[in-house]
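Note sheet for the following structure.
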Amino acid sequence: MLTVTDLACARGGVPVLSGVSFAVPAGGVLILRGPNGVGKTTLLRTLAGLQPALSGTVDFPEDQGAYASHADGVKATLTVTENLTFWAQVHGSRMPDDILATFDLETLRDRMAGTLSAGQKRRLGLARLGVIGRKVLFLDEPTVSLDAFSVRLFADFLRDRHLAQGGLAVIATHIDLGIDAPELDLTPFKAGPQTTGGSDEAFL
Amino acid sequence: MLTVTDLACARGGVPVLSGVSFAVPAGGVLILRGPNGVGKTTLLRTLAGLQPALSGTVDFPEDQGAYASHADGVKATLTVTENLTFWAQVHGSRMPDDILATFDLETLRDRMAGTLSAGQKRRLGLARLGVIGRKVLFLDEPTVSLDAFSVRLFADFLRDRHLAQGGLAVIATHIDLGIDAPELDLTPFKAGPQTTGGSDEAFL
Amino acid sequence: MSIWEYANPKKFMGWTAPLVPWLFGLAGACLIVGLVWGFFLTPDDYKQGSTVKIIYLHVPSALMAINAWFMMLIASLIWLVRRHHVSALAAKAAAPVGVVMTLIALFTGAVWGQPMWGTWWAWDPRLTSFLILFLFYLGYIALWAAIEDPDTAADLTSVLCIVGSVFAVLSRYAVNFWNQGLHQGASLSMDKADHVANVFYIPLLVCIAGFVLLFIALVLLRTRTEIRVRRMSALIARTRPTEVTT
Amino acid sequence: MIALLIRDLRLAVRAGGGFGLGLAFFLIVIVLVPFGVGPEAAVLTRIAPGILWVAALLAALLSLDRIFALDFEDGSLALLATSPLPLEGVALVKALAHWITTGLPLTLAAPVLGFLLNLDGPAYPWLLASLALGTPALSMIGAFGAALTVGLRRGGLLLSLLVLPLYVPTLIFGAEVVRRGAEGMPVTTPLLMLAGITVGGFALLPFAAAAALRVNLR
Amino acid sequence: MIALLIRDLRLAVRAGGGFGLGLAFFLIVIVLVPFGVGPEAAVLTRIAPGILWVAALLAALLSLDRIFALDFEDGSLALLATSPLPLEGVALVKALAHWITTGLPLTLAAPVLGFLLNLDGPAYPWLLASLALGTPALSMIGAFGAALTVGLRRGGLLLSLLVLPLYVPTLIFGAEVVRRGAEGMPVTTPLLMLAGITVGGFALLPFAAAAALRVNLR
Amino acid sequence: MIPDLGKYAGPVLSAYGVAIVLLVGLVVVSIWRARKVKAALEWIEGKRNG
Ligand code: HEM
Ligand SMILES: Nc1ncnc2c1ncn2[C@@H]1O[C@H](COP(=O)(O)OP(=O)(O)OP(=O)(O)O)[C@@H](O)[C@H]1O
Ligand SMILES: Nc1ncnc2c1ncn2[C@@H]1O[C@H](COP(=O)(O)OP(=O)(O)OP(=O)(O)O)[C@@H](O)[C@H]1O
Ligand SMILES: [Mg+2]
Ligand SMILES: [Mg+2]
């Protein structure tokens, strides 16, 4: 269960969004929409706790959040399996046996991640989400570079494994994921020049 | 005019594609399709001359090729205008006055490129194509991270400015660009294990 | 009203505005009096000859070089604990002043060393630890310059300042240790101040006062400039993206 | 934490991981010095302890930016920060991994290179001892500096500027141990100081490093 | 080409560009050596020419990987390779930019640092002359090494390993000029050799560097 | 006017010279930058309000 109340967040010290409120129940998904530069990435990073909020609260079960973006921590000189095992160990969880199959990585399991194509690497990054056992996912454009088939793999994973087990997700994307979920357009929440709380506020 | 005859290309020493032949007339576009890992990136890099072909020929007017991928040579510590001017100067061309407007970058012209959002940076990378005055474009997933509006900006640029002036383009993408163009699915050209020409061939 | 209210940027700009010219005036007066007195009106030392006049520059600048770092340390702690922007900016503003003081101390010491010790530079503990202080200043300033986001820069330079202070003290001790083991040491002693006669002592005090005042004036002025820069970038940021100039 | 250590070591020995290059750099500096200074044995013997320590320090320094920068760039660091591992532990483990891949081989190779500089016979055991005690401190202090500069692209040289003054006490005590060892003087005091710096550094600097990392991840 | 030079200089002076850090590193190495070697003036005077040159070389070395690596990572290098500029010209300009941001400030600062090492009076003009003549060669040789290693992530130390042997002749002649200058001996021969290396390097190495770049871009 | 500095005139005068140049330089640079920034800020504030 994720509850966001009256959140304002900033990028580079400048308020970008303000007054964002929503709630996502367990087993639910929220899709963030909005034109380039509206602040999706900023919002997701704030939700995941990677940057402090200007004001407002983000509430979800402690130690259950996970953030994933383009930079998904895949090491080029480790194999696919080594990459996944590492993250499983860090999170103290076991790697599910079928996770490679879920993301169609079985034939690639012993390949160095650096030799994967863009889409294959992306699938590996997504497979990490199935390994760390976190319930609250914050995903920034998870399907970049994926072909239609892989997008479906991802949607299936999300629906059948993550949400079915009581997980939830907030996803920023520009494309249609094939998941039936409420959407939130961020355009109305764009911070005006008067938004308070910027780190440079004392100077105005 | 771009002509490709019986091309075979390799990645990491392993043949990936073979027997690729096609021609794109001036003013035409070819869209490359195929699942992740089929070899689109490899083909485009070979066409652009960044890696040697195993066999076959690529033929287009000399010094007219330009390659663009995720890594689009945008310097984070130069402003948007400085980035574009530099590439114009390197190519000995003048920066068209309306190029910033074409990609909706006018309000961002004096921002450091490092502070742009993912989509804004992508637009800057694409604007470079309008500055260097090259006729034969090889584009690898040019619309990654772009919202629907920006994809249209790009399609308009391609149609009204590039193709209308006799340019041509080969584009690898997983989405619908809104351009009416022939598509080439690379799946049938996947190199079998017998394909000759790999750099390790002498050892087989 | 809590004393911290004075650290609000707007308030700070308000109460420092009338102060700065007075401080500069006072500092200038002290320096002119002290230096003229010291340079023209004091006798030569029987042993050091006219070189003793260098003391009026060397000692105050060496004092201020150390105190500037001390001030930066305190300002950094205040920033980390209470997050008052002005204290972070004051630390930033003080660093270049500290460097100049260090340079003056180093240079005057060096030209004094040539006639006194027969060498420009010796690896005496005191000189050496000063050189290390100079390096700390350089690193601190370079870190400020390298980081774009001002709050991040303030945080990181503060941490550096604190850790650096610990290591500066440690090196001071290490250098002492090192030189006792190897160096004859005697020729480098600098304990003359204890014996300095009043003729030298009073103008020296005036000069020290001048340096202290000049330091305060400069730090205030530069802090005000830094505040304005922050305000400027804040305003520019807020007018984005409708129009951006400069 | 063990998993992290193993991963870092594995990454270091894989292609492009940089294992052994610190050692190579150490070797090359030691070889260059006689080219610059000239080949006289007496001079070399005199400066050998100092040069060996300075070279070890530079070799450690050059690989510092690997400690966090790669993990920062590909997002691993942000993921580690949101993982159950405490960031202090991450800093500590990474310093340790740096020491195992740099400081340790360097310590083991130093006696061999001592020959090249004509180091005095009695100094060899002390060279080993001082490097074994001192190089962990170099790694930990370096990890702190790397944490400060991780957000900067190619912070490499800035990192050097920040870290080198912090290395001064370690260098002085380390070289002093070797020099005294060469001259048969008692070495207890500097050796103790060296140990003190290492222990103190490992006790306190992980916290400073973690704080810097948190700021940089913001 | 002018545009490229201007861009590189501009990037160098922008935040994180690393201008002045080579200088700082030079300063710090010079400062560290006495900490290691000990404070005796006679010893320092004796080794000053060699140490100054070794330090200059290391300072140049450390910033080498900036020459091409950043442009390689963000794709600029591939774009430059397909642009009308000849790749030889690109290599030359980048070596030049490296010299302006590293070698030149280093040369100008060297006399000041000579004081710290108690360098003999008559040696100062020769220190300046030898560095002014020799550092361009360091930049050009370094650009060649950087071109060889550009495809490797964090090739930094490998780069050092490759480049240092190539630096040996420059180092020997450079230090020799200063040492002879200090002792009042004739310096013409080593000075001429130094000039020869620089001229030869700039005439030939751009081609080698461009060839290496082409291979790495493949 | 200038007192007799004896054989140490060089060191003393250069010490005073360099120190004063450094101090005056620092003051001038600080004031110059303060003026510049102040003007720029006023320009921006004026534009915002007017
Ligand atoms: C580059 C060379 C030198 C440096 C870096 C240097 C640095 C310092 C420092 C750090 C202090 C301490 C200030 C304080 O805390 O009170 C000091 C004080 C002093 N120095 Fe120097 N010094 C140098 C050369 C000399 C020389 C050559 C002489 C004269 C022979 C000299 C005479 C003094 C005196 C008389 C004091 C004040 C007395 C005292 O505090 O004990 N210094 N210097
Ligand atoms: N360092 C910075 N300084 C100032 N503004 C910044 C900085 N970084 C980003 N911005 C601005 O903040 C806004 C929000 O950026 P953000 O990356 O969150 O957008 P986004 O919605 O993720 O866009 P996209 O769909 O393009 O990824 C953008 O307008 C961007 O230009
Ligand atoms: N260094 C390498 N060694 C071996 N195989 C490699 C190497 N690099 C890539 N490959 C393989 O070559 C194939 C072609 O990769 P390429 O990047 O061209 O695919 P792509 O069509 O662009 O895919 P995507 O849509 O995911 O970007 C992939 O199957 C990939 O796994
Ligand atoms: Mg985004
Ligand atoms: Mg691809």
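The basis for the numbers below is simple: all heavy atoms, side chains too, and nothing from hydrogens, waters or symmetry mates. Proteins get letters first, then strands, A, B, ... in listed order; numbering begins at 1 in each.
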When only heavy atoms count and the cut-off is under 4.5 Å, which of residues 143-158 of chain B reach chain A?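 Under the 4.5 Å heavy-atom cut-off, B/Val144, B/Ser145, B/Leu146, B/Asp147, B/Ser150 qualify.
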Please rank A/Ala172, A/Ala118, A/Gly119 by heavy-atom pairs under 4.5 Å with chain B and give me the top one.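 Option with the top pair count is A/Gly119.
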Tell me every residue that passes salt bridge (charged side-chain N to carboxylate O under 4.0 Å, His left out) with A/Glu183, counting only those two or more places apart in sequence or in another chain.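 A/Glu183 satisfies salt bridge (charged side-chain N to carboxylate O under 4.0 Å, His left out) with A/Arg33 once adjacent residues are dropped.
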Testing the basics here: between B/Asn36 and A/Gln120, what is the closest heavy-atom pair and its distance to 0.1 Å?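 Closest approach of B/Asn36 to A/Gln120: O-NE2, 4.1 Å.
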